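What follows is a single structure, written as structure tokens, with notes after it.
Everything numeric in this text was worked out from a predicted model, so none of it was measured. Worth knowing before you read on, the calculation uses all heavy atoms, side chains too, and leaves out hydrogens, waters and symmetry mates.
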Amino acid sequence: MGLSGKDLTGLRNVSPGEIQLILDTAAPMKEIIKRQIKKVPILRGRTVVTVFYETSTRTRTSFELAAKYLSADAVNIAAATSSVKKGESLKDTARTIEAMGADVVALRHPMAGAAELLGGCLGARVINAGDGAHEHPTQALLDLFTVREKKGRIEGLKVAIIGDILYSRVARSDIWGYTKMGAEVRLAGPATLMPPGMEKFGVKVCSCLEEALDGADVINVLRIQLERQQHGLFPNLQEYSRLFGIDRERLRLAAPGALVMHPGPMNRGVEISAEVADGLQSVINEQVTNGVAVRMALLYLLIGGGAQNEANY
């Protein structure tokens, strides 16, 4: 069994079975990361190119490490230092990369739909590393992997997604992923940052933070997307923190042992307090490690060659 599509541009059209396959494949990949020598020859001779039109640390670095741990060649192209600055289009940039022999292109772009557009004009595999306020599928997959690893399951869990739902690509992919895998998803955030009609996606929109946190097994805290927002959507950061920040007192509303997650980078003291971010229930650092494992799994499933390679890891 493999992935049905050539590319991974979002989780909306990915089946629960395919998500399960990715999570199952990520488990042995994480074992590779724990080894003293983090190298297996599964993707030797393959080339993975990351093309980032927006700044990134975790996602870009984890794609590069995932490729290198599987023995692929990894090349990073930042738009700020490429021919994009001379007016080259996304299509032309990608076709140049493909002409150089790239097997996979991991793309981050400020415009929604950019990854899907790219996948339609390239023979190389395309992985969406975040497109505007649309989707960030690999972040959602690593979130799912982390929850399953810690809780032993996803189905039946109560998941609270808190914060800037309107501009968060992580929120959209998380909603698709959690609901497909059988979790109960609750949303809470400022009314000005809550898209209308979210209930049609099988989630519950809560009127206040306390309602969303009540008995929650997982709390996904979102970063305030100040770089994408219009001014005036909430009074100020202090007011946001007072109404929607996750601190120790609010954490007590959740179920005992609830997981606290954050896609990073964190605005400490705004959407999450330092004591919660660094507390025993936080799995934020483990999310980073799991991000490498999940991206290794995706590269393997997309270009690894199938079952004959399984003996190599």
Side-chain angles (χ1 to χ4, degrees), residues 1-34 40 42-43 59 62-63 66 69-70 104 106 115-116 119 125-130 135-161 169-186 201-203 216-220 258-259 261 263 283 286-313:
M1 179 182 177
L3 301 182
S4 60
K6 177 180 79 71
D7 309 314
L8 180 71
T9 57
L11 293 190
R12 183 169 189 168
N13 296 317
V14 177
S15 71
E18 289 175 311
I19 292 174
Q20 188 73 40
L21 173 63
I22 295 167
L23 303 186
D24 289 344
T25 307
M29 296 301 177
K30 188 170 181 178
E31 293 303 313
I32 294 172
I33 299 172
K34 295 178 181 178
V40 291
I42 297 174
L43 298 185
T59 303
S62 66
F63 268 113
Y69 290 164
L70 297 176
V104 175
E116 188 170 359
R125 307 277 189 164
V126 174
I127 300 176
N128 182 4
E135 278 213 53
H136 193 350
T138 59
Q139 178 66 47
L141 289 166
L142 74 88
D143 289 348
L144 293 169
F145 182 79
T146 303
V147 170
R148 193 182 73 164
E149 184 179 57
K150 291 294 183 180
K151 293 292 187 181
R153 62 188 174 95
I154 298 170
E155 185 175 6
L157 295 180
K158 298 177 177 65
V159 178
I161 302 178
R169 53 194 172 207
V170 174
R172 283 164 176 74
S173 290
D174 268 343
I175 288 168
W176 291 120
Y178 281 120
T179 54
K180 285 175 184 283
M181 301 307 289
E184 174 192 315
V185 178
R186 307 165 178 176
F201 299 114
V203 302
D217 302 293
V218 179
I219 305 171
N220 280 73
L259 303 180
M261 308 176 73
V283 292
E286 291 176 67
Q287 286 177 270
V288 177
T289 301
N290 291 342
V292 179
V294 163
R295 288 162 182 132
M296 288 172 70
L298 279 170
L299 293 176
Y300 169 73
L301 290 169
L302 288 173
I303 59 170
Q308 65 267 29
N309 285 325
E310 290 178 1
N312 291 327
Y313 67 91

Legend entry - Rounded distance (nearest 0.5 Å) linking atom CG of Asp174 with atom CZ of Arg169: 13.0 Å
Legend entry - Sequence-distant partners of Tyr69, side chain to side chain donor-acceptor pair (under 3.5 Å), two or more places apart: none
Inset, instruction - Please answer whether the main-chain N or O of Thr59 pairs with a side-chain N or O of Ser62 as donor and acceptor at a distance below 3.5 Å. - result: yes
Legend entry - Minimum-distance pair of heavy atoms, taken over all atoms of Gly119 and Val126: CA-CG2, 3.7 Å
Inset, instruction - Measure across Gly291 and Leu142 and return the closest heavy-atom pair with its distance rounded to 0.1 Å. - result: CA-CD2, 3.6 Å
Legend entry - Sole residue of Thr146, Val147, Leu259, Val294 in side chain to side chain contact (heavy atoms under 4.5 Å, CB included) with Gln287: Thr146
Inset, instruction - Output the distance between atom CD1 (Ile19) and atom CE (Met181), rounded to the nearest 0.5 Å. - result: 6.0 Å
Inset, instruction - Could you list the residues that satisfy side-chain contact (heavy atoms from CB on, under 4.5 Å) with Asp24, not counting sequence neighbours? - result: Gln20, Arg148
Legend entry - Rounded distance (nearest 0.5 Å) linking atom CD of Glu116 with atom OG1 of Thr9: 5.0 Å
Legend entry - Result of checking Asn220, Val203, Val218, Leu157 against Val185 for side chain to side chain contact (heavy atoms under 4.5 Å, CB included): Val203
Legend entry - Close side-chain approach of Ile42 and Met296, heavy atoms under 4.5 Å: no
Legend entry - Nearest atoms (heavy-atom pairs only) where Ile22 meets Ala297: O-CB, 3.8 Å
Legend entry - Minimum heavy-atom distance Ile154-Ala183, with the two atoms named: O-CB, 3.7 Å
Inset, instruction - Kindly write out the residues that satisfy side chain to side chain donor-acceptor pair (under 3.5 Å) with Asn128, not counting sequence neighbours, or none if the list is empty. - result: Asp131
Inset, instruction - Calculate, to the nearest 0.5 Å, the distance between atoms CG and CD1 belonging to Leu70 and Ile32 respectively. - result: 6.0 Å
Inset, instruction - Working to the nearest 0.5 Å, report the span between CD1 of Ile161 and CG of Asp143. - result: 8.5 Å
Inset, instruction - Would you sort out whether Ser4 and Glu18 count as a side chain to side chain donor-acceptor pair (under 3.5 Å), showing the intermediate values? - result: CA-CA 8 Å; Ser4 60; Glu18 289 175 311; 2.6 Å; yes
Inset, instruction - Please report the shortest heavy-atom distance between Ser173 and Pro137, naming the atom on each side. - result: OG-N, 3.4 Å
Legend entry - Pairwise distance CD1(Ile303) to CG(Leu43) - rounded to 0.5 angstrom: 5.0 Å
Legend entry - Non-neighbouring partners of Thr138 that pass side-chain contact (heavy atoms from CB on, under 4.5 Å), sequence neighbours left out: Leu8, Phe63, Ile127, His136, Arg295, Leu298
Legend entry - NZ/Lys30: more than 12 non-hydrogen atoms of other groups inside 6.0 Å: yes
Legend entry - Non-neighbouring partners of Arg12 that pass side-chain contact (heavy atoms from CB on, under 4.5 Å), sequence neighbours left out: Glu135, Trp176, Phe201
Legend entry - Residues which pass side-chain contact (heavy atoms from CB on, under 4.5 Å) with Lys158, listed by chain and number, not counting sequence neighbours: Glu184, Arg186, Asp217
